[in-house]
Amino acid sequence: MVATLGKNSEFAEVNINNKDSLEAALSDVDLVVHAAGPFQQSQKCTVLEAAIETQTAYLDVCDDTNYAFRAKSFKDRAVDANISAITTGGIYPGVSNVMAAELVHAARSESKTEPERLRFSYYTAGSGGAGPTILATSFLLLGEEVVAYNKGQKIKLKPFTGMLNVDFGKGIGKRDVYLLNLPEVRSAHEILEVPTVSARFGTAPFFWNWGMEAMTNLLPAEFLRDRSKVQQLVEWFDPLVRAVDGIAGERVSMRVDLECTNGRSTLALFSHRRLSVAVGNATAAFAVAILEGSTQPGVWFPEEPEGIAVEAREELLKRAAEGAIAFVMNKPPWMVETDPKELGLGIYV
């Protein structure tokens, strides 16, 4: 990797669970990007703690609700150390949170209406080229009850149920997506104050979805929450997943739908041919925003204005969408769907 990046880079070995090891690596560093997942079932935020101790700006690509809110609890310590930190700053969650924040902002400022329902829908072909880590994350998420919100009430649902067929537009098409427990649901509900929020994910080929559904039904939740047992599963499945990845590709798509009290429906859509490239661009966009001073001291979610300033969101999304095959913000659903139906007189649904 150092040879690929060139002479301005160097390799440092660290023990992610050892505070002294991390602090030594973070001395004289402007920003640390924590991408050493999976984050599920991790009990400590050692990288964030080391960042606070060494007064180093921090970004993680966490996709676990418990970890993200544990990181958020370090806000006051980060303020005291005068460091800026963003948690869940990858592609989804991350860029998807900012897309949702922009939809809500437009609804309130331009249409003078209140958001009623927010739905995150994600699709990745195969493992998206991410291999064992995304596999481990997916299996661990199958062991977690899904937290969603309905008209302001927190509800708990079985993982990988509630299937919806979602249209991700040209280049991706219609895909089945299933409920998963993701941190942007709670953060968007609390920060953007949307009463009904949920998140769904689906993959391809279709038999991977069937396999995940079967695992949820056949394996006890305790098994799927055990990192060592999940790691064994990953080792068994990894060769097969990699073989299928060669055929399935690694396309990724995110669709965020917002429904408002006045009946207005808008969406944001992001699609890319390669997840590995898209997630790199997304994480880099957050890193640059922090280094440019768009983030205040503290620990923030991407949709908080103290995390990514409202006026900096457009530039962040532009950077994240570099090379995307589709990037659409604040449009009615019929404008991106593959087969909108015309009612007549140019009116589409």
List the atom of [X], the atom of [Y], and the distance in Å for their closest heavy-atom pair.
| X | Y | value |
| --- | --- | --- |
| Pro302 | Gly94 | CB-O, 3.8 Å |
| Leu316 | Ala285 | O-CB, 3.7 Å |
| Val14 | Ala25 | CG1-CB, 3.4 Å |
| Ala321 | Phe327 | CB-CG, 3.7 Å |
| Pro333 | Leu267 | CA-CD2, 3.5 Å |
| Ser271 | Ser253 | OG-OG, 2.7 Å |

Does [Y] offer a backbone N or O that forms a donor-acceptor pair with the side chain of [X] under 3.5 Å?
| X | Y | answer |
| --- | --- | --- |
| Glu13 | Phe11 | no |
| Asp60 | Thr87 | no |
| Lys331 | Val328 | no |
| Ser109 | His105 | yes |
| Arg273 | Glu250 | no |
| Gln153 | Asn150 | no |
| Arg251 | Ala125 | no |

Are [X] and [Y] connected in the hydrophobic side-chain network, where two residues link if heavy atoms are under 4.5 Å apart?
| X | Y | answer |
| --- | --- | --- |
| Val33 | Phe286 | yes |
| Val288 | Ile86 | no |
| Val166 | Leu179 | no |
| Val185 | Val194 | yes |
| Met163 | Leu142 | yes |

Enter the distance from [X]:[atom1] to [Y]:[atom2] here, rounded to the nearest 0.5 Å.
| X | Y | atom1 | atom2 | value |
| --- | --- | --- | --- | --- |
| Met254 | Tyr123 | CE | OH | 14.5 Å |
| Tyr67 | Lys44 | OH | NZ | 12.0 Å |
| Asp238 | Gln231 | CG | CD | 9.0 Å |
| Asn82 | Ile52 | CG | CD1 | 12.0 Å |
| Lys7 | Glu10 | NZ | CD | 14.0 Å |
| Phe160 | Met215 | CZ | CE | 10.5 Å |

Answer whether the closest heavy-atom distance between the side chains of [X] and [Y] falls below 4.5 Å.
| X | Y | value |
| --- | --- | --- |
| Met99 | Leu317 | yes |
| Met329 | Glu102 | yes |
| Pro159 | Glu144 | no |
| Phe69 | Arg186 | yes |
| Glu303 | Glu190 | no |
| Leu291 | Asp30 | yes |
| Thr283 | Ile91 | no |
| Thr124 | Phe201 | yes |

Walk me through whether Leu192 and His189 qualify under side chain to side chain contact (heavy atoms under 4.5 Å, CB included). CA-CA 6 Å; Leu192 303 178; His189 171 71; over 6 Å; no

Check the surroundings of atom [atom1] in [X]: do more than 12 heavy atoms from other residues, nucleotides or ligands lie under 6.0 Å from it?
| X | atom1 | result |
| --- | --- | --- |
| Glu49 | CD | yes |
| Arg225 | CZ | yes |
| Asn165 | CG | yes |

Quickly, which of Val146, Leu180, Thr65 forms a side-chain contact (heavy atoms from CB on, under 4.5 Å) with Leu141? Name it, please. Leu180

In this structure, which one of Leu31, Leu26, Val47 forms a side-chain contact (heavy atoms from CB on, under 4.5 Å) with Tyr58? Val47

Salt bridge check: are [X] and [Y] linked by an N-O gap of less than 4.0 Å?
| X | Y | result |
| --- | --- | --- |
| Glu306 | Lys72 | no |
| Glu114 | Arg108 | yes |
| Lys170 | Glu337 | no |
| Lys318 | Glu314 | no |

Go through the steps for Phe270 and Tyr92 under the test side chain to side chain contact (heavy atoms under 4.5 Å, CB included), then give the verdict. CA-CA 11 Å; Phe270 175 110; Tyr92 60 84; over 6 Å; no

Consider only side-chain N and O atoms of [X] and [Y], and report whether a donor and an acceptor are under 3.5 Å apart.
| X | Y | answer |
| --- | --- | --- |
| Thr88 | Glu184 | no |
| Thr295 | Ser84 | no |
| Arg227 | Ser42 | yes |
| Arg264 | Ser111 | yes |
| Asp176 | Asn209 | no |
| Thr46 | Asn17 | no |
| Lys158 | Asn217 | yes |

Between His34 and Phe39, does the ring centroid distance fall short of 6.0 Å? yes

Determine, using ring centers only, whether Tyr122 and Phe168 are less than 6.0 Å apart.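 Distance test on ring centres: not under 6.0 Å, no.
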
Hey, mind stepping through Asp63 and Gln40 against side chain to side chain donor-acceptor pair (under 3.5 Å) and telling me if it holds? CA-CA 8 Å; Asp63 51 3; Gln40 284 71 20; 3.2 Å; yes

Run Glu145 and Asn181 through side chain to side chain contact (heavy atoms under 4.5 Å, CB included) and show every step you take. CA-CA 7 Å; Glu145 267 189 318; Asn181 190 39; over 6 Å; no

Salt bridge (Lys or Arg N to Asp or Glu O under 4.0 Å) between Glu322 and Arg274: does it pass, once the steps are laid out? CA-CA 12 Å; Glu322 187 183 323; Arg274 296 184 63 199; over 6 Å; no

Is there a side chain to side chain donor-acceptor pair (under 3.5 Å) between Thr196 and Glu116? Walk through the geometry before answering. CA-CA 6 Å; Thr196 300; Glu116 197 167 50; over 6 Å; no

Think Arg200 forms a cation-pi with Phe120, using NZ or CZ under 6.0 Å from the six-ring centre and within 45 degrees of its axis?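 No, a cation-pi geometry is absent between Arg200 and Phe120.
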
